[in-house]
There are 2 protein chains.
Amino acid sequence: MNDRPKIKDIAERAGVSVATVSRALSDSGLVTAETSQRIHALARELNYRPNVSARNLRTRKSMSVLLVVRDVGNPFYLDILKGVEATAREAGYSVLMGNTENDPDRETEYFNMLRDGHADGMILMTGKLPPPGHDSGLDVAHLPVVVALEMIESSGLPHVQVDNIAAAKAAVEHLISLGHRKIAHIAGPLPEVMAVHRRDGYRAAMQGAGLAIPEGYEVRGDYLLETGQLCCSQLFALSEPPTALFAANDEMAYGAIHELRRLGRDIPGDVSVVGFDDLYLSKAFYPPLTTVTQPRADIGRTAMSLLLRMLSGEAVGLAPPIVLPTALSVRASTASPRQ
Amino acid sequence: MNDRPKIKDIAERAGVSVATVSRALSDSGLVTAETSQRIHALARELNYRPNVSARNLRTRKSMSVLLVVRDVGNPFYLDILKGVEATAREAGYSVLMGNTENDPDRETEYFNMLRDGHADGMILMTGKLPPPGHDSGLDVAHLPVVVALEMIESSGLPHVQVDNIAAAKAAVEHLISLGHRKIAHIAGPLPEVMAVHRRDGYRAAMQGAGLAIPEGYEVRGDYLLETGQLCCSQLFALSEPPTALFAANDEMAYGAIHELRRLGRDIPGDVSVVGFDDLYLSKAFYPPLTTVTQPRADIGRTAMSLLLRMLSGEAVGLAPPIVLPTALSVRASTASPRQ
DNA sequence: TTGAAAGCGCTAACAA
DNA sequence: TTGTTAGCGCTTTCAA
C-alpha cells in the first residue's frame with residue numbers, strides 16, 4: 001500500500017519538478033507538449049493515481065455529494081438515486097448515502113458532514129432541516145443544498161418537486177368521473193408537507209364536485225404496506241364504506257388491495273383503488289394499479305444538475321421551485337361503481 | 001466557509017498547543033481532565049469539526065467504504081444497502097454507492113478508487129473482477145474487498161453468500177412434492193455464476209426425482225420483469241407447456257404471472273409459480289408468491305462486519321465463504337396440478 | 001515554460 | 001502531561 005507512486009516519483013523519473021507534473025497531469029496547458037506527453041506516459045506506466053485526500057485538502061473540495069433520505073430501504077428512491085448517481089458521475093462526483101430514519105441527530109449529522117468537508121453539497125429528501133439552535137452558526141440558506149421531493153417552506157433553498165396537490169386532485173377527479181361518490185383517502189404521515197398536499201388535493205377534488213367527506217373517510221397511514229392494510233380495514237368497518245380509495249402512495253394501495261381481497265371484495269368491481277408514485281411494480285400488480293406517475297429519475301437528475309450549478313458558484317437559491325410534470329396512469333384497478 | 005474554526009483556533013483560546021487539542025479531542029487519555037474539559041467546551045462553543053480531508057491525508061484512511069452493485073435501480077439491493085449502511089455507520093464509516101451497469105471500465109474505476117484513497121474497502125456485488133492486465137500492479141487477493149451475493153472463484157477474496165444451488169433445489173422439490181412433473185425454469189443471465197447455480201439446483205431437483213427436462217424447458221432471462229413475461233410466453237407456446245414454473249428471481253416470476261394471466265391461465269389452478277429472493281412485495285402480490293427468502297439485510301450486515309475486520313488488520317481472506325441460510329416461503333402461487 | 005516553496009489542517013514521533 | 005516539529009501529497013502562488 002505504501003508503495004503507491006506519488007507525484008514526486010514521476011517528477012524524479014521525468015527529471016522535472018513536482019509542480020510541472022501536477023500541471024501536466026491537470027492539462028493546464030502550461031507545459032510543453034513534449035514534456036507533458038512524457039509525464040503522462042510515465043504516469044500510465046507507474047499506474048499513478050492522485051491521492052484524493054491530499055487533493056481535497058489542498059483544493060478544499062471533496063468531489064462528493066450527500067444524498068439524504070428518510071429510509072434507504074424504500075424502493076421509491078431507487079430511480080431517483082439512479083438519476084442522481086448518473087448525473088453526479090458524469091461530472092466527476094461520487095454519491096454518499098445518507099439515511100436519517102427521522103432521527104434529528106442524524107439529520108444534523110449529515111449537515112455537519114457538509115461543514116467538515118465530507119461532501120461538497122447535499123440533496124435533501126427528508127423534508128426537514130436540523131433543529132435550530134443546535135447549530136446556531138448554520139446559515140442554511142447559503143449552504144449548497146437542494147431540496148427534492150419534499151418542501152421546506154421559507155428555507156430559502158432551491159427545490160425540485162412535483163405538484164402533489166394538483167396530481168392528487170386529478171387522481172380523485174378520475175374516480176369522480178367514473179361515477180364514484182363515496183371516495184375515501186388513505187393519507188400519508190400527516191402533518192408532513194407531502195402528505196398534507198396529497199390530502200389537500202383529495203379534498204379539493206371532492207369539494208370541486210360538491211361531495212362531502214363523511215366522518216372517518218380520511219385515515220392516516222405512514223406510506224407502508226401494513227398501514228395501507230390497516231387503514232383499509234378501518235374504512236370497511238364503517239357503516240357506509242366507500243366505493244373507491246385514493247391512497248397517498250402505491251405501497252399503501254398495495255396493502256389496501258391485499259386487505260380488500262381478504263374481505264372478499266372485487267377490485268375494481270366492488271372497490272376502485274388509486275395509488276400515487278407508480279412504483280415499477282404497479283403495472284405488474286394485479287390488478288394493474290391506476291396511479292400517479294412521477295418522473296423519478298428525472299427528479300434525481302434535475303436535483304443533481306441544480307446542485308452542480310450551485311457548486312460552480314451560481315446563485316440559484318431564490319429561483320422559484322422547479323416543478324416536474326406528473327401524469328395519471330389509468331390501469332385496471334379503477335372502474336365505474338356497480339349498479 | 002473559510003471561517004471554519006480549526007484546531008489552531010481552539011489551541012489559541014485554550015492557551016495550549018495544537019497537539020494537546022488534537023489529543024484531547026481524540027480522547028487519547030493523555031491530557032489532564034481539566035484541560036480536556038476546557039478544550040471540549042471550547043470546541044462545542046466554536047462548533048468545531050475536524051476537517052476530514054486533513055485527517056484522512058494524515059491517517060491514510062478515508063473512513064468510507066464502497067458498495068458496488070450492477071444496478072443501483074434494482075430493488076433487490078435495498079435491504080442489503082440498508083444492512084451495510086447501518087453496520088458501517090455504527091463503526092463510523094460512510095457508504096459510497098458504486099454502480100457498474102456491467103461496464104468493465106467502471107468496474108476498474110471502482111477498484112482504482114480503493115487505491116487513490118477514496119475508500120478504505122469495498123463490498124463487491126457484481127461477481128466480477130476488473131479485467132487483468134489493465135492493472136498489472138493490482139494484487140486483488142490482498143485488497144480489502146468482500147464479495148457478497150456472487151462468487152468469484154479462486155479470487156482469494158472472502159465471500160458472503162447463500163447456497164443458491166440448495167435453495168433452488170428445495171424450491172423445485174416443493175413443486176415436485178405437490179405432484180408437478182412438467183416443471184420449467186426461467187433462468188437468469190447465464191453464464192453468470194448465480195444464474196448457473198440456480199439453474200443447477202433446478203436440474204438437480206429434476207434429476208433427483210427422475211424427471212427429464214424437455215427441450216425448451218429452460219429459457220434464459222435477465223432478472224427483469226419484461227423477460228419474465230417473454231420467457232413465459234415462449235414456454236406456453238410449446239406443444240407441451242409446463243404446469244409449474246421456477247423463476248430465478250421474483251421479478252421474473254411477477255412478469256411470468258402477468259403473462260399467464262394475459263393468457264387466461266389461473267394461478268395456481270393451471271400453473272404454479274415459484275420465485276427467488278422474496279422481495280418485500282411478494283407477500284402482497286396476487287397471488288402471494290411462493291419464493292426463496294434470502295436474509296438480505298443480514299447479508300449486508302455480515303459483509304460489512306467482515307470488511308471491518310479486514311480493515312482492522314485481521315487476515316480473513318482464506319477463510320471459507322460465509323453461507324447464510326435461506327428458507328422457502330410457501331404462499332399461494334403454488335398448488336397441486338389439476339386432475 | 002519551469003522551479004522553489006508555501007501551506008491546506010491534521011496527527012504523531014520525539015523531547016522536554 | 002505537554003510542546004515542538006515534521007510531514008501526509010497535493011496545488012498554486014511567486015519568481016525566474
Side-chain angles (χ1 to χ4, degrees), chain A residues 1-40 42-43 46-63 92 112-120, chain B residues 1-40 42-43 46-63 92 112-120:
Chain A
M1 281 297 193
N2 236 342
D3 50 355
R4 292 213 22 236
K6 36 179 133 172
I7 273 197
K8 204 176 155 209
D9 298 319
I10 300 183
E12 278 167 8
R13 299 192 200 214
V16 296
S17 73
V18 292
T20 303
V21 175
S22 174
R23 283 192 276 251
L25 258 24
S26 65
D27 291 316
S28 65
L30 296 170
V31 184
T32 331
E34 189 228 346
T35 326
S36 180
Q37 270 179 3
R38 194 152 39 94
I39 290 171
H40 272 105
L42 229 31
L46 296 179
N47 204 357
Y48 169 79
R49 295 217 103 209
N51 177 305
V52 291
S53 298
R55 172 183 285 168
N56 291 349
L57 174 57
R58 178 62 227 227
T59 59
R60 297 155 167 288
K61 295 213 239 168
S62 67
M63 296 306 281
N112 281 335
M113 286 175 70
L114 232 46
R115 306 195 321 120
D116 65 24
H118 239 108
D120 297 335
Chain B
M1 282 296 192
N2 236 343
D3 50 355
R4 291 212 22 235
K6 35 179 132 171
I7 272 194
K8 204 176 156 208
D9 297 322
I10 300 184
E12 278 167 7
R13 299 193 200 213
V16 295
S17 74
V18 292
T20 303
V21 175
S22 173
R23 284 191 277 253
L25 258 26
S26 64
D27 290 316
S28 66
L30 297 169
V31 184
T32 332
E34 189 228 344
T35 330
S36 181
Q37 270 179 4
R38 193 152 39 93
I39 290 172
H40 273 104
L42 228 31
L46 295 179
N47 205 356
Y48 169 80
R49 292 220 105 207
N51 177 304
V52 291
S53 298
R55 171 184 285 170
N56 291 349
L57 175 57
R58 179 63 227 226
T59 59
R60 296 156 168 286
K61 294 213 239 167
S62 68
M63 295 306 281
N112 281 334
M113 286 174 72
L114 231 47
R115 306 197 321 121
D116 65 24
H118 238 109
D120 297 335

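Values reported hereafter were calculated over all heavy atoms of this structure, with side chains retained and with hydrogens, waters and symmetry mates removed. Labels below follow one simple rule: chain letters A, B, ... track the order of the sequence lines, proteins then strands, and each chain is numbered from 1.
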| Separation of B/Ile39 atom CD1 from C/dC10 atom P, in whole Å? | 13 Å

| task | Could you pull out the closest heavy-atom pair between B/Leu46 and B/Pro5, with the gap in Å? | result | O-CG, 3.5 Å

| message | What is the separation between atom CD on A/Glu34 and atom P on C/dT1, rounded to the nearest whole Å? | response | 13 Å

| field | Closest-nucleotide 5' rank along DNA chain D - winner of B/Leu30 and A/Leu57 | value | B/Leu30

| request: Whole angstrom is fine here: how far is it from NZ in B/Lys6 over to P in C/dT11? | output: 14 Å

| Interatomic distance where CZ belongs to B/Arg60 and P belongs to D/dG7 [whole Å] | 13 Å

| Closest to side chain of A/Ala54, choosing from C/dA4, C/dC10, D/dC10 | D/dC10

| said: Base, sugar-phosphate or nothing for A/Thr35? Non-hydrogen atoms, less than 4.0 Å. | reply: sugar-phosphate

| task | Can you see which heavy atom on A/Ile10 is nearest to which on A/Leu42, and at what distance? | result | O-CD2, 4.0 Å

| query | In whole angstroms, how far is the P atom of D/dC10 from the NE2 atom of B/His118? | reply | 14 Å

| message | Side chains of A/Asn51 and A/Arg4 only: does a donor on one sit below 3.5 Å from an acceptor on the other? | response | no

| task | Report the distance from atom NZ of B/Lys8 to atom C1' of D/dG3, rounded to the nearest whole Å. | result | 15 Å

| What is the minimum heavy-atom distance between A/Val31 and A/Ala24, and which atoms define it? | CG2-N, 3.7 Å

| request: Identify the two heavy atoms, one from B/Asp120 and one from B/Met63, that lie closest to each other, and give their separation to 0.1 Å. | output: OD2-N, 2.7 Å

| query | If an axis is fit to five pairs at each end of the helix from C/dT1-D/dA16 to C/dA16-D/dT1, what is the angle between the two, to the nearest 10°? | reply | 40°

| task | Return the value, rounded to whole Å, for the distance between atom CG of A/Asn51 and atom P of C/dG9. | result | 17 Å

| message | Does B/Arg49 have more than 12 heavy atoms from other residues, nucleotides or ligands lying within 6.0 Å of its CZ? | response | yes

| task | Sugar-phosphate atoms are those with a prime plus P, OP1 and OP2; base atoms are the rest. Using that split, label each nucleotide of nucleotides 11-16 of chain D B, S or - for protein heavy atoms under 4.0 Å, 5' to 3'. | result | BBB---

| said: Using whole Å, what does the distance between atom P of nucleotide D/dT2 and atom CG of B/Leu25 come to? | reply: 14 Å

| Contact summary for B/Ser62 and B/Ala119, nearest pair of heavy atoms | OG-CA, 3.3 Å

| message | I'd like to check A/Thr35 versus A/Arg23 (side-chain heavy atoms, cut-off strictly below 4.5 Å). Are they in contact? | response | no

| query | Under 4.5 Å between any side-chain heavy atoms of B/Asn47 and A/Arg115, yes or no? | reply | yes

